[in-house]
Amino acid sequence: MSFRFAAPDAQALPLHLVETDALEGWLAGQPDSVRGWVETSGFAGAIGEALLLPGEAGQPVAALAGYGSAAARRRTRFALAAAVAKLGGGTFRIASGLPAGKAEEEALGWLLAGYRFTRYAGSEGKTARLVAPDGIDAEKVEILAAAEALTRDLVNTPASDMGPQELEDAARALAKEFSAGIEVVSGAALEEGFPMIHAVGRASPRAPRLIDLRWGSAGPSLTLVGKGVCFDTGGLNLKPGSSMGLMKKDMGGAANVLGLARAIMALGLKLRLRVLIPAVENSVSGNAFRPQDILTSRKGLTVEINNTDAEGRLVLADALALADEETPDLIVSMATLTGAARVAVGPDLAPFYTDDEPLAAALSAAGTAAADPLWRMPFWEPYEARIEPGIADLDNAPAGGMAGSITAALFLRRFVTETPRYAHFDIYAWQPSPAPARPKGGLGQGPRAILGALPQALGL
């Protein structure tokens with residue numbers, strides 16, 4: 001797929017975005033033939049409607065896209081993208097109706113509306129093309145779309161073709177494209193330095209590994225840590241089939257940080273980037289780690305295993321400990337970590353945790369601006385006792401089930417002790433039903449917000 005705008009000088013039909021309650025006023029200034037065509041078609045200006053307007057010879061000379069009402073647009077994102085599929089395969093230029101401040105969001109939505117996952121079936125098909133609206137950084141928007149497509153492709157690929165090795169291959173391809181360095185520690189070599197990554201992944205015939213990508217030689221330092229559990233059976237605490245069905249997406253944190261890394265490198269941001277991905281498969285075999293085992297982490301903290309299905313925080317902990325040893329200016333972890341987060345905020349919102357108030361404000365503002373919505377959650381210290389079992393330093397799965405996303409975040413924070421600024425994202429990485437610019441399937445959640453916050457967070 002090519003996520004590119006049409007050339008500025010392309011022959012493009014004018015496209016008018018028409019709000020529902022502004023349609024009558026728009027029609028009042030049109031010839032009788034146009035008014036009659038629109039009225040006969042039943043076009044009402046609702047989000048998702050589109051209509052080509054014919055000229056005297058019958059060929060299209062312009063088009064309308066329903067833009068709903070302000071209230072309707074508050075209930076969706078990428079409203080214009082809902083009409084793209086109905087415009088056919090032509091080329092368009094927005095002529096009127098685009099509200100101030102919405103050009104980048106709607107242009108990005110248009111590009112993302114062309115995303116298709118066609119590795120196993122189907123074809124890309126024809127998608128209407130758009131001339132970039134005036135006033136936007138077209139190259140940046142194209143980079144954001146390509147980064148999102150990478151994330152979606154990785155998440156959508158089933159575990160049969162996206163195990164730890166294939167995730168490493170994807171990271172290596174990205175490193176090669178942008179001349180980044182990459183090192184990988186795998187298999188038995190993990191036992192000494194990354195014992196919890198090894199413990200979680202050792203039951204699979206597909207060797208666990210820690211992927212370490214570096215790019216940039218100057219500027220502030222940013223380390224991204226992404227959970228790369230390529231499939232999660234739950235281990236010996238085996239998941240029921242209904243809970244296992246979407247576990248190909250349990251590497252969604254890794255997919256999101258790779259998409260974000262792609263955007264950072266393509267934009268040429270002046271920073272030192274490090275990406276750490278613990279890539280494992282949580283499987284069942286005779287050497288699987290067990291409930292009541294006590295593991296010693298890279299940081300030296302001991303962890304009592306009370307549920308082998310709470311494995312994501314274990315592999316992240318070793319990776320975060322490694323990241324913390326360099327004390328970068330900012331560490332960000334991303335993981336499909338808890339079902340509790342979905343209960344709290346559903347699939348659309350990405351909850352995040354940080355103790356840094358300016359960083360939290362920057363992330364929230366950037367998420368709104370980038371149509372990448374976030375919701376701040378608390379590192380609630382009174383719950384610290386819930387992750388302290390007594391027999392070990394930490395409990396990987398506190399009993400009771402309450403505040404599960406918060407206690408998981410508190411667990412991870414124990415492994416970031418030297419770095420002053422840390423943010424954790426407990427994402428879903430999946431679109432459960434189709435929406436404008438977001439077909440059902442893998443999804444980026446948080447990268448655009450993080451990217452937008454970096455100038456303020458790192459002084460870029």
Side-chain angles (χ1 to χ4, degrees), residues 101 104-105 107-108 136-151 171 174-175 177-181 212-226 253-277 319-320 323-324 326-335 349-377 416 419-427 429 444-460:
E104 184 169 306
E105 175 185 334
L108 176 62
I136 72 165
D137 184 338
E139 183 181 10
K140 176 187 172 185
V141 175
E142 291 172 343
I143 286 170
L144 292 178
E148 171 72 13
L150 171 63
T151 293
L174 194 63
E177 182 178 357
F178 292 99
S179 300
D212 188 349
L213 180 151
R214 292 179 184 268
W215 175 86
S217 59
S221 52
L222 167 67
T223 299
L224 305 175
V225 182
N256 270 264
V257 300
L258 286 174
L260 175 54
R262 187 185 213 293
I264 288 170
M265 293 187 289
L267 289 167
L269 298 189
K270 302 303 181 183
L271 54 78
R272 289 171 289 141
L273 174 67
R274 189 181 192 185
V275 178
L276 295 171
I277 296 173
L320 284 169
D324 193 46
E326 283 195 349
T327 61
D329 293 296
L330 174 63
I331 295 175
V332 176
S333 59
M334 305 191 81
L349 289 169
F352 75 98
Y353 296 81
T354 184
D355 289 319
D356 189 293
E357 295 298 328
L359 176 60
L363 285 167
S364 295
T368 299
D372 192 7
L374 309 178
W375 195 262
R376 189 183 183 188
M377 298 279 278
V416 183
T419 304
R421 285 187 296 174
Y422 168 53
H424 165 61
F425 286 73
D426 190 346
I427 62 175
Q445 285 189 300
R448 293 196 305 278
I450 296 167
L451 194 67
L454 289 181
Q456 181 175 341
L458 296 179
L460 298 178

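Positions are given from 1, in the same order as the sequence printed here.
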With rounding to the nearest 0.5 Å, note down the distance linking [atom1] in [X] to [atom2] in [Y].
X: Glu105; Y: Thr368; atom1: CD; atom2: OG1; answer: 10.5 Å
X: Ile264; Y: Leu269; atom1: CD1; atom2: CG; answer: 6.0 Å
X: Leu359; Y: Leu330; atom1: CG; atom2: CG; answer: 6.0 Å
X: Gln445; Y: Leu349; atom1: CD; atom2: CG; answer: 8.5 Å
X: Ile277; Y: Leu213; atom1: CD1; atom2: CG; answer: 8.0 Å
X: Ser217; Y: Leu273; atom1: OG; atom2: CG; answer: 12.0 Å

| request: Could you walk me through whether Asp137 and Val141 pass the side chain to side chain contact (heavy atoms under 4.5 Å, CB included) test, one step at a time? | output: CA-CA 6 Å; Asp137 184 338; Val141 175; 5.7 Å; no

| field | Verdict with reasoning, Phe425 to Leu363, per side chain to side chain contact (heavy atoms under 4.5 Å, CB included) | value | CA-CA 11 Å; Phe425 286 73; Leu363 285 167; 4.1 Å; yes

State, to 0.1 Å, how close [X] and [Y] come at their nearest heavy-atom pair, and which atoms those are.
X: Ala147; Y: Arg262; value: CA-CD, 4.1 Å
X: Val225; Y: Ala323; value: CG2-CB, 4.3 Å
X: Pro328; Y: Thr223; value: CG-OG1, 3.6 Å
X: Pro447; Y: Met334; value: CD-CE, 4.1 Å
X: Ile143; Y: Ala263; value: CG2-CA, 3.8 Å
X: Phe352; Y: Ser364; value: CZ-OG, 3.7 Å

May I have the list of side-chain donor-acceptor pairs in residues 448-460 shorter than 3.5 Å, sequence neighbours left out?
from, atom 1, to, atom 2, distance (Å)
Arg448, NE, Ala370, O, 3.0
Arg448, NH2, Ala370, O, 3.4
Arg448, NH2, Ala371, O, 2.8

Do any N or O atoms from the side chain of [X] and from the backbone of [Y] form a donor-acceptor pair under 3.5 angstrom?
X: Asp372; Y: Gly446; value: yes
X: Arg376; Y: Thr354; value: yes
X: Asp355; Y: Tyr422; value: no

| field | Test salt bridge (charged side-chain N to carboxylate O under 4.0 Å, His left out) applied to Arg274 - qualifying residues, sequence neighbours left out | value | Asp212, Glu326

| query | What do the steps show when you test Leu174 against Leu150 for side chain to side chain contact (heavy atoms under 4.5 Å, CB included), and what is the final call? | reply | CA-CA 10 Å; Leu174 194 63; Leu150 171 63; 4.3 Å; yes

| message | Within the supplied structure, the quantity of interest is the number of heavy atoms (other residues, nucleotides, ligands) at a distance under 6.0 Å from Glu177 CD; does it exceed 12? | response | yes

| said: Is a donor from one side chain sitting under 3.5 angstrom from an acceptor on the other, for Thr419 and Asp324? | reply: yes

| Test side chain to side chain contact (heavy atoms under 4.5 Å, CB included) applied to Met377 and Asp426, step by step | CA-CA 10 Å; Met377 298 279 278; Asp426 190 346; over 6 Å; no

